[in-house]
There are 2 protein chains.
Amino acid sequence: MPYYFVRKLECFTRLSDENKRALIRLSQNVQLVGPHRDIIREGDSPEYVNLILDGWACRYKTLESGQRQIISFFLPGDICDPHVFVLCEMDHSIATLTPVRLVQIPRDALLGLTEQHPRITQALWWETLVTAAIQREWTVNLGQRSGIQRLAHLFCELLLRLRAIGMTENHTCPMPITQQELADATGQTSVHVNRTLQEMRAMGLITLRSRLLTIPDLDRLQRVAMFNPNYLHLNHEGAHLDANDRDASPLHAKP
Amino acid sequence: MPYYFVRKLECFTRLSDENKRALIRLSQNVQLVGPHRDIIREGDSPEYVNLILDGWACRYKTLESGQRQIISFFLPGDICDPHVFVLCEMDHSIATLTPVRLVQIPRDALLGLTEQHPRITQALWWETLVTAAIQREWTVNLGQRSGIQRLAHLFCELLLRLRAIGMTENHTCPMPITQQELADATGQTSVHVNRTLQEMRAMGLITLRSRLLTIPDLDRLQRVAMFNPNYLHLNHEGAHLDANDRDASPLHAKP
DNA sequence: CGCACGATTGATTAGGGTCAATAATGGTGG
DNA sequence: CCACCATTATTGACCCTAATCAATCGTGCG
């Protein structure tokens, strides 16, 4: 079973063997959660940091009117809010989309880890900032792009994130979510998502069936979406950091 | 001249006199920037952390098509990305909206501050997490709300944030931005914003003229917007923290 | 006073929502 | 292995919000 979160953090910087062992030791008390279950709800007080070992999950908010917005997707290896403890209560919910294997990391365990491993601290910082960048890009996506562009952009993002953790094969990646969920993420109705997907298939932009997405020409899809991958910061920006660097303050990272 | 950023951080937790003096010492080398000027551009490498002493600014992104999305607003006292140095290059731009007084804080100055003042470190953490929460709420706003609701929601958010730093008078606050900018923030055209504002005025929800916004009945506007202020975490959630607490790790904050 | 920018208005159109019905799919138990 | 049921996907008809284009009006300011 691959450790996706190790792969993910290695997108940013080199990790020592000791770093990796420490990360892997977190995977105690693995929990299995079925699909479409809440992991934590708006209003709850955060007690753990959730690390998604495998499967997909999402942040979401439900309005009084019943409308739901999916705010972001969690993929294998993603960690849900490593610094959430500063706040007293959750302002959104997190739910599984597929069956999920996760670990709930107690505050002290995570604190111990970062105290012992400056490089991991840096990498978690990078992960936090990239998460924020993704959220900003979603703001742009919902505010400025058309239906087809929103879906195209989402597919580009998910493909690159999945590729970063080694979950793609050639031009194909898993896409284990329903059209309703794509609709909730892109601020459309499922009816319109359905029609837009058909249009994208007709244009030869994608194949999507059996929960598998194929993008024959990623450049073309990126052009359709006006997608610029810079916000994902996937180019080993922390490669210059010595794996044994003592200084773990994010304010110290030398760009 | 009030120190809005001190007021803002005090929304989270109590600060000692020494904390405050240290914060105020940052205000060396104040810069005056005219309206509608870029402070930092997408692609630039971040060299400073910008602290807005006074005036309004915004994050934005421009697409190849020329469309612009305003991603967030910076109000007096806001600090632009205290932890940005982990990343090599900016994935968005920041520009002034009004004339702005700001300080560009060098990395080392900020690092020194947080090393000396654990309480400030905590408060900056809170600020970072609230900024992320605001971004999520904008995602919901753009994805799920109608034109009038988006504007109403934005006005509610801005009023509460301005009230937190003491910039409101009764039901009135400054709103020094154009309809085009409201449009770029809410993902609409300025024509439609204009019509929606007229509708809101006709409903008695707001008064907006001479760059002043009045909200006679905030509860009512909140209901229209389906606005829930919980995501702003403005209820002194860090009040329990002793101002001399030694431990500054966000993972340690006891909710 | 005149200029530039921002606000306002009107007419028309298009993208996407709504509602409702039907068809595929896939998982389950007998 | 197959029948059944629940979910998910698909289609059609119609409607409405908000975009577009273009012109005009205000207003603050040098």
Side-chain angles (χ1 to χ4, degrees), chain A residues 34-37 56 63 65-70 95-99 141-154 174-203 206-213 224-225, chain B residues 34-37 56 63 65-70 96-99 141-154 174-203 206-213 224:
Chain A
H36 308 293
R37 296 265 189 294
W56 288 36
L63 301 182
S65 56
Q67 298 166 91
R68 182 173 84 143
Q69 176 69 40
I70 290 180
T96 59
L97 294 166
T98 68
N141 208 28
L142 291 165
Q144 299 299 327
R145 293 194 181 87
S146 67
I148 190 171
Q149 290 176 320
R150 290 187 206 180
L151 280 171
H153 195 281
L154 179 60
M175 190 57 55
I177 58 179
T178 65
Q179 293 183 1
Q180 181 61 58
E181 285 154 354
L182 286 173
D184 288 347
T186 56
Q188 300 171 288
T189 59
S190 62
V191 170
H192 195 243
V193 164
N194 182 284
R195 289 178 172 136
T196 305
L197 287 176
Q198 289 179 50
E199 188 186 342
M200 294 175 80
R201 284 189 269 242
M203 292 170 73
I206 61 164
T207 310
L208 178 56
R209 59 160 199 278
S210 316
R211 311 274 111 138
L212 284 176
L213 172 71
V224 167
Chain B
H36 308 292
R37 296 266 188 294
W56 287 36
L63 301 184
S65 56
Q67 298 166 89
R68 183 173 82 143
Q69 176 69 39
I70 291 180
T96 60
L97 294 166
T98 69
N141 208 28
L142 290 164
Q144 299 300 327
R145 293 193 183 88
S146 67
I148 190 171
Q149 289 176 321
R150 290 187 206 179
L151 280 171
H153 195 281
L154 179 60
M175 190 58 54
I177 58 179
T178 66
Q179 293 183 1
Q180 181 61 59
E181 285 154 353
L182 286 173
D184 288 347
T186 56
Q188 300 171 286
T189 59
S190 63
V191 171
H192 196 241
V193 164
N194 182 284
R195 289 178 172 136
T196 305
L197 287 175
Q198 288 178 50
E199 188 187 342
M200 293 175 80
R201 283 188 270 244
M203 293 170 72
I206 61 163
T207 310
L208 178 56
R209 58 161 201 278
S210 318
R211 311 273 113 141
L212 285 176
L213 171 70
V224 168

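Residue numbering restarts at 1 for every chain, and letters A, B, ... go by the order of the sequence lines.
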A/I148 CD1 - C/dA14 P separation (whole Å) = 17 Å
query = Would you say the side-chain atoms of B/Q180 and B/T178 include a donor-acceptor pair closer than 3.5 Å?
reply = no
query = Looking at B/R145, does any N or O in its side chain come under 4.0 Å of the phosphate oxygens OP1/OP2 on D/dA18?
reply = no
task = May I ask you to test the B/E181-B/H36 pair for a side-chain heavy-atom distance under 4.5 Å?
result = yes
remark   = Of A/S210 and A/T189, the one whose nearest nucleotide on DNA chain C sits closer to the 5' end is A/T189
task = Send over the distance from B/Q67 CD to D/dA19 C1', rounded to a whole Å.
result = 11 Å
inquiry  = Quick check against the 3.5 Å criterion: does A/R145 have a side-chain atom that pairs as donor or acceptor with the backbone of A/A225?
reply    = yes
Quick one: which protein N/O atoms are closer than 3.5 Å to N/O atoms of nucleotides 11-16 of chain D? Pair and distance per line, please.
residue: D/dT11; atom: OP2; partner: A/Q198; partner atom: OE1; Å: 2.6
residue: D/dT11; atom: OP2; partner: A/Q198; partner atom: NE2; Å: 2.7
residue: D/dG12; atom: N7; partner: A/R195; partner atom: NH2; Å: 2.3
residue: D/dG12; atom: O6; partner: A/R195; partner atom: NH2; Å: 3.4

request  = May I ask you to check whether B/H153 and B/Q149 show a side-chain donor-acceptor distance below 3.5 Å?
outcome  = no
query = What is the distance, rounded to the nearest whole Å, between atom CD of A/Q188 and atom P of C/dT18?
reply = 12 Å
message = Categorize B/R209 for me: base, sugar-phosphate, or nothing, with a 4.0 angstrom heavy-atom threshold over every strand shown.
response = nothing
ask   = Rounded to whole angstroms, how far apart are NE2 on A/H192 and C1' on D/dT17?
value = 13 Å
Side chains of B/Q188 and B/L182 in contact at under 4.5 Å (non-hydrogen atoms) = no
request  = Answer whether the closest heavy-atom distance between the side chains of B/R201 and B/L208 falls below 4.5 Å.
outcome  = yes
request  = Would you mind reading off the distance between B/H36 atom NE2 and C/dG6 atom C1', rounded to a whole angstrom?
outcome  = 10 Å
remark   = The bend of the helix from C/dC1-D/dG30 to C/dG30-D/dC1, taken between the axes of its five terminal pairs at each end and rounded to 10°, is 50°
query = Contact class for A/T178 vs. all strands (heavy atom < 4.0 Å): base, sugar-phosphate, or nothing?
reply = sugar-phosphate
inquiry  = What is the distance, to the nearest angstrom, from the CG atom on A/L182 to the C1' atom on D/dT10?
reply    = 15 Å
task = Whole angstrom is fine here: how far is it from CD in B/Q180 over to P in D/dT20?
result = 11 Å
query = Mind checking whether B/R195 and B/V193 have side chains closer than 4.5 Å, heavy atoms only?
reply = no
ask   = Is any side-chain heavy atom of A/T96 less than 4.5 Å from a side-chain heavy atom of A/W56?
value = no
task = Identify whether any heavy atom of A/S146 sits under 4.0 Å from a base atom; if not, whether one sits that close to sugar-phosphate; answer base, sugar-phosphate or nothing.
result = sugar-phosphate
note = Closest of C/dT8, D/dA19, D/dT10 to the B/R201 side chain is C/dT8
key: Residue closer to the 5' end of DNA chain C, A/G147 versus B/L197 (nearest nucleotide)   = B/L197
Distance in angstrom units between B/D184 CG and D/dA19 P, rounded = 11 Å
message = Nearest to the side chain of B/Q179, heavy atoms from C-beta on, is which of C/dA7, D/dT8, D/dT10?
response = C/dA7
query = Would you say A/Q69 and A/D184 make side-chain contact, with heavy atoms under 4.5 Å?
reply = no
query = Listed by chain and number, what are the side-chain contact (heavy atoms from CB on, under 4.5 Å) partners of B/Q67, not counting sequence neighbours?
reply = A/Q144, A/M226, B/L63, B/S65
